[in-house]
Amino acid sequence: AALDLESAAVCPDLHPILWANAPHSPGILALAGTGSGVIAKNGAGEWLHLGGRGPTIGDQGSAWALAAAALRAVFDALDEGQPPGLLMQTLVACAGVAAIDALPAWTAEATKDRIAALARDVAAAAEQGDVLAQQCVEAQASALAHLARIAQQRLQLPPETPLFLAGGLLTGSQVFRAAFLRAVAASGAALTPSEPPLSGHRAVHAVALLSPQPSWITTVQASLDATKRRQAAAVQSTAGSRNRYFKDQDQRQRETLPPTEQVAVDGDPLDQLSAKG
């Protein structure tokens, strides 16, 4: 109603990227951002969605999962009596706390997005050679690659099936991307990883033009009340335009009258003047 729409098409966020780039052919999309997930389809239109069930049940290979794994790893190392390493120092600094012991309280209050933001620094520590960070990156990248392999097997997709990569962690972190591609290759899935040519609004626009529309798109019609509000607003707008037209026309006519015929803008009203005034 706020957008004054007659109808809206609603769908999950992963679907448009895959269908826009492989509308009538097999394809797999692996996404690793704050959350994660894998979606795949075959040439017959059958599809499945793996992972992406939130941080509690499973966001394998996501930025949140990578950050959470790193936090657990540094505390396991601390319990084992290992000296503070680069990853531990990085997490303390990036969380903005005074010491490692303050991290548990910080994580209890931090939002999912705030915890996921630590993944960039975990990846940076891995690039600098921190062993704990590297182990976390390898584990999460492998978990996401495993989902892509399972998707290929369940739908019996051919080896030449494109594997589209999306999400800030997969496209923005070279160390995570490289670990993911190694894991895909090691799994025996002879897929073809690539960037999706269409993403964002371009993907949404491409999907909007598909005919017939896929079954995962739900079209929601505007309610009768919303329709009536739009009609009333249109009538009011038309009336307002008409009133403005006549007001403007009257103003132009007044301006063309001689001064003695125009409306007086100062002085007393006519009914208050005396016979001499």
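Only this structure's heavy atoms are used, side chains among them; waters, hydrogens and symmetry mates stay out.
Not a single donor-acceptor pair under 3.5 Å links the side chain of T161 to the backbone N or O of G27. Formation of a donor-acceptor pair under 3.5 Å by the D59 side chain with backbone atoms of S62 is not found in this model. Checked by atom type and distance alone, the side chain of K41 never pairs as donor or acceptor with a backbone atom of H15 at under 3.5 Å. Side-chain atoms of D113 do not come within 3.5 Å of backbone N or O of A116 as any donor-acceptor pair.
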**Request:** Test side-chain contact (heavy atoms from CB on, under 4.5 Å) on L31 and V38 and set out the steps.
**Result:** CA-CA 6 Å; L31 183 142; V38 168; over 6 Å; no
**Asked** Does the pair L86 and Q128 meet the rule for a side-chain contact (heavy atoms from CB on, under 4.5 Å), with working shown?
**Response** CA-CA 9 Å; L86 175 60; Q128 296 177 51; 3.7 Å; yes
**Message:** R120 vs L169, test: side-chain contact (heavy atoms from CB on, under 4.5 Å). Steps then yes/no.
**Reply:** CA-CA 8 Å; R120 293 189 299 267; L169 189 57; over 6 Å; no
**Request:** Evaluate the criterion side-chain contact (heavy atoms from CB on, under 4.5 Å) for residue pair L103 and F75; output intermediate values, then yes/no.
**Result:** CA-CA 10 Å; L103 275 176; F75 279 98; 3.8 Å; yes
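Side chains of R114 and T111 form a contact here, defined as non-hydrogen atoms less than 4.5 Å apart. Counting only heavy atoms from C-beta outward, the side chains of F164 and I28 never approach each other to under 4.5 Å. In this structure the side chain of I39 never reaches within 4.5 angstrom of the side chain of L48, judged on heavy atoms. Side-chain contact between Q140 and L66: present, with at least one pair of heavy atoms (C-beta onward) separated by less than 4.5 Å. Here the side chains of Q174 and E127 are in contact, with some heavy-atom distance below 4.5 Å. Here the side chains of L165 and F180 are in contact, with some heavy-atom distance below 4.5 Å. Residues L198 and W19 form no side-chain contact, since every pair of their non-hydrogen atoms from C-beta on lies 4.5 Å or further apart.
At a threshold of 4.5 Å between side-chain heavy atoms, the hydrophobic network of Ile, Leu, Val, Met, Phe, Trp and Tyr places I100 and I115 in one connected group. Cluster annotation: L29 is not connected to L170 through the hydrophobic network of ILVMFWY side chains, with a link wherever side-chain heavy atoms come within less than 4.5 Å. Tracing side-chain contacts under 4.5 Å through hydrophobic residues (I, L, V, M, F, W, Y), one never reaches L18 starting from L144; they form parts of separate clusters. V184 and I17 are members of different hydrophobic clusters when ILVMFWY side chains are connected at heavy-atom separations under 4.5 Å. Cluster membership for L132 and V92, using ILVMFWY side-chain heavy atoms within less than 4.5 angstrom, is shared.
Between Q152 and R149, the side chains place a donor N or O and an acceptor N or O closer than 3.5 Å (distance only, hydrogens not considered).
The nearest pair of heavy atoms linking A125 to T90 is CB-OG1, 4.4 Å. The minimum heavy-atom distance between A40 and L157, with the atom names listed, is CB-CD1, 4.2 Å. When all heavy atoms of A126 and V175 are compared, the closest pair comes out as CB-CG2, 4.3 Å. When all heavy atoms of L87 and A133 are compared, the closest pair comes out as CD2-N, 3.8 Å. Shown here for E160 and T192, the closest heavy-atom pair between the two residues is O-OG1, 4.0 Å. Minimum heavy-atom separation, A67 to A119: CB-N, 4.1 Å.
The pair E138-R182 meets the salt-bridge criterion, since a charged nitrogen lies less than 4.0 angstrom from a carboxylate oxygen.
Atom CD of Q153 sits about 8.0 Å away from atom OG of S187, to the nearest 0.5 Å. The OG1 atom of T171 lies 6.5 Å from the CD atom of E195; values are rounded to the nearest 0.5 Å. Distance CD1/I150 to CZ/R154: 8.5 Å, rounded to 0.5 Å. To the nearest 0.5 Å, the span separating SG on C136 from CZ on F176 amounts to 11.5 Å.
Judged as a salt bridge (Lys or Arg N to Asp or Glu O under 4.0 Å), and not counting sequence neighbours, E46 has no contacts.
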